[in-house]
Amino acid sequence: MGANLGRLLLRVTVGSIFIEHGTQKLFGWFGGHGPSGTGQFFESLGLRPGRRNAIVAGIAEAGGGTLLVLGLATPAAASAVGSVMVTALRTAVWRDEIKVGTGGYELLLLANAVAIADSGPGPVSLDALLGRERRGARWAAAALGGALAGSALAIAAGKQHAEASAEESASGQRGEAETTAATS
């Protein structure tokens with residue numbers, strides 16, 4: 001009974017934190033800045049377009065957190081919330097290098113999500129009720145792999161968007177100069 005209660009408590013606590021973080025990004029709840037304010041911050045981190053990335057991160061956190069609380073699609077939920085934590089570590093916390101003593105919060109949430117995927121949601125979960133509980137080292141590795149892949153995609157897309165925007169801007173400036181020269 002104790003291990004089952006512990007897994008339920010862990011799922012509900014970690015899932016609730018992610019629900020809060022996600023709704024801060026999506027709706028500005030709990031002192032958040034909503035998609036526009038969070039989007040501006042994301043732009044400064046290179047996650048472009050910022051507003052769209054803020055919405056995607058909010059959905060991953062709020063949706064993944066809700067799934068964790070319910071104990072439903074647990075490895076996928078761990079992967080979704082983990083991808084946001086890996087991205088936060090890579091872009092905001094450890095931007096230049098891994099630094100001891102920083103990133104503890106994000107790292108702990110990531111580790112907890114992967115641990116939940118490993119231990120499974122327990123008998124008090126929708127996964128167990130549906131007979132679809134997935135757990136163990138392979139599922140934890142899959143959740144972590146999905147988190148790493150999701151983060152890599154988000155960062156790569158931000159860089160690609162920034163490069164495309166820079167090319168459009170340069171092209172527009174050349175067009176203006178050519179128009180000005182032709183009319184002079």
Side-chain angles (χ1 to χ4, degrees), residues 6-99 101-119 121 124-127 140 143-162 165:
R7 286 194 281 178
L8 175 63
L9 181 62
L10 183 61
R11 267 191 11 247
V12 169
T13 302
V14 172
S16 295
I17 290 168
F18 280 110
I19 292 169
E20 176 188 356
H21 282 192
T23 57
Q24 285 177 326
K25 291 171 182 69
L26 291 171
F27 310 116
W29 296 352
F30 305 109
H33 300 287
S36 295
T38 305
Q40 289 175 359
F41 174 64
F42 278 18
E43 287 271 344
S44 75
L45 299 175
L47 297 169
R48 295 181 178 97
R51 189 177 190 333
R52 181 177 68 197
N53 278 294
I55 292 169
V56 170
I59 290 169
E61 286 183 311
T66 300
L67 291 173
L68 284 177
V69 168
L70 297 172
L72 181 63
T74 303
S79 182
V81 298
S83 69
V84 180
M85 292 301 94
V86 170
T87 304
L89 287 165
R90 291 180 63 203
T91 60
V93 180
W94 297 334
R95 195 171 200 158
D96 301 318
E97 62 185 31
I98 295 174
K99 297 176 186 127
T102 61
Y105 186 73
E106 294 85 0
L107 197 54
L108 286 173
L109 286 172
L110 171 63
N112 275 289
V114 173
I116 293 168
D118 181 43
S119 66
V124 184
S125 68
L126 289 178
D127 280 346
L144 181 57
L148 293 170
S151 175
L153 287 171
I155 291 170
K159 287 179 182 176
Q160 185 178 29
H161 187 272
S165 294

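Residues in residues 50-73 take part in these salt bridge (charged side-chain N to carboxylate O under 4.0 Å, His left out) pairs, two or more places apart or across chains: Lys25-Glu61. Each salt bridge (charged side-chain N to carboxylate O under 4.0 Å, His left out) pair with one or both residues in residues 69-85, not counting sequence neighbours, would appear here, but there are none. Evaluation of the salt bridge (charged side-chain N to carboxylate O under 4.0 Å, His left out) test over residues 8-21, restricted to residues two or more places apart or in two chains, returns none. Sorted by first and then second residue, the side-chain hydrogen bond (donor to acceptor under 3.5 Å, both in side chains) pairs involving residues 63-84 (not counting sequence neighbours) are Thr74-Asp127.
In terms of the side chain to side chain contact (heavy atoms under 4.5 Å, CB included) criterion, Gln40 has no residue partners (sequence neighbours excluded). Contacts of Trp29 classified as ring-ring contact (aromatic ring centres under 6.0 Å, His included), with partners at least two apart in sequence or in another chain: Phe27. By the side chain to side chain contact (heavy atoms under 4.5 Å, CB included) test, Val124 is found to be paired with Leu8, residues two or more places apart in sequence or in another chain being considered. For the side-chain hydrogen bond (donor to acceptor under 3.5 Å, both in side chains) test, no residue two or more places apart in sequence or in another chain qualifies with Gln24. Taking Thr13 as the reference, Leu9, Ile17 meet the side chain to side chain contact (heavy atoms under 4.5 Å, CB included) condition, with sequence neighbours excluded. With sequence neighbours excluded, the residues satisfying ring-ring contact (aromatic ring centres under 6.0 Å, His included) with Tyr105 are His21. Every residue two or more places apart in sequence or in another chain that forms a side chain to side chain contact (heavy atoms under 4.5 Å, CB included) with Arg90 is listed here: Val86, Ser151, Ala152, Ile155.
Across every non-hydrogen atom of Pro35 and Ala54, the tightest pair is O-CB, 3.8 Å. In terms of heavy-atom proximity, Ala77 sits nearest to Leu67 at CB-CB, 3.6 Å. Considering every non-hydrogen atom in both Gly65 and Phe18, the closest pair reads CA-CB, 3.9 Å. Of all heavy-atom pairs spanning Val81 and Ala60, the tightest one is CG1-O, 3.7 Å. Among all heavy-atom pairs drawn from Val12 and Val69, the shortest one is O-CG2, 3.9 Å. In terms of heavy-atom proximity, Ala92 sits nearest to Phe41 at CB-CZ, 4.4 Å.
Across Thr87, Thr38, Leu45, Leu47, a single residue satisfies side-chain contact (heavy atoms from CB on, under 4.5 Å) together with Asn53, and that is Leu47.
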Would you tabulate the side-chain donor-acceptor contacts of residues 109-119 under 3.5 Å, counting partners in other chains and residues two or more places apart, or write 'none'?
| from | atom 1 | to | atom 2 | distance (Å) |
| --- | --- | --- | --- | --- |
| Asn112 | ND2 | Leu108 | O | 2.7 |
| Asp118 | OD1 | Ala137 | N | 3.2 |
| Ser119 | OG | Ala115 | O | 3.2 |

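In this structure a side-chain-to-backbone donor-acceptor pair under 3.5 Å is missing from Arg7 to Pro121.
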Exercise for the section: Go through the steps to decide whether Glu106 and Val84 satisfy the test side-chain contact (heavy atoms from CB on, under 4.5 Å), and finish with yes or no. Expected result: CA-CA 9 Å; Glu106 294 85 0; Val84 180; over 6 Å; no

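With rounding to the nearest 0.5 angstrom, the CG atom of Leu144 is 4.5 Å from the CG atom of Leu148.
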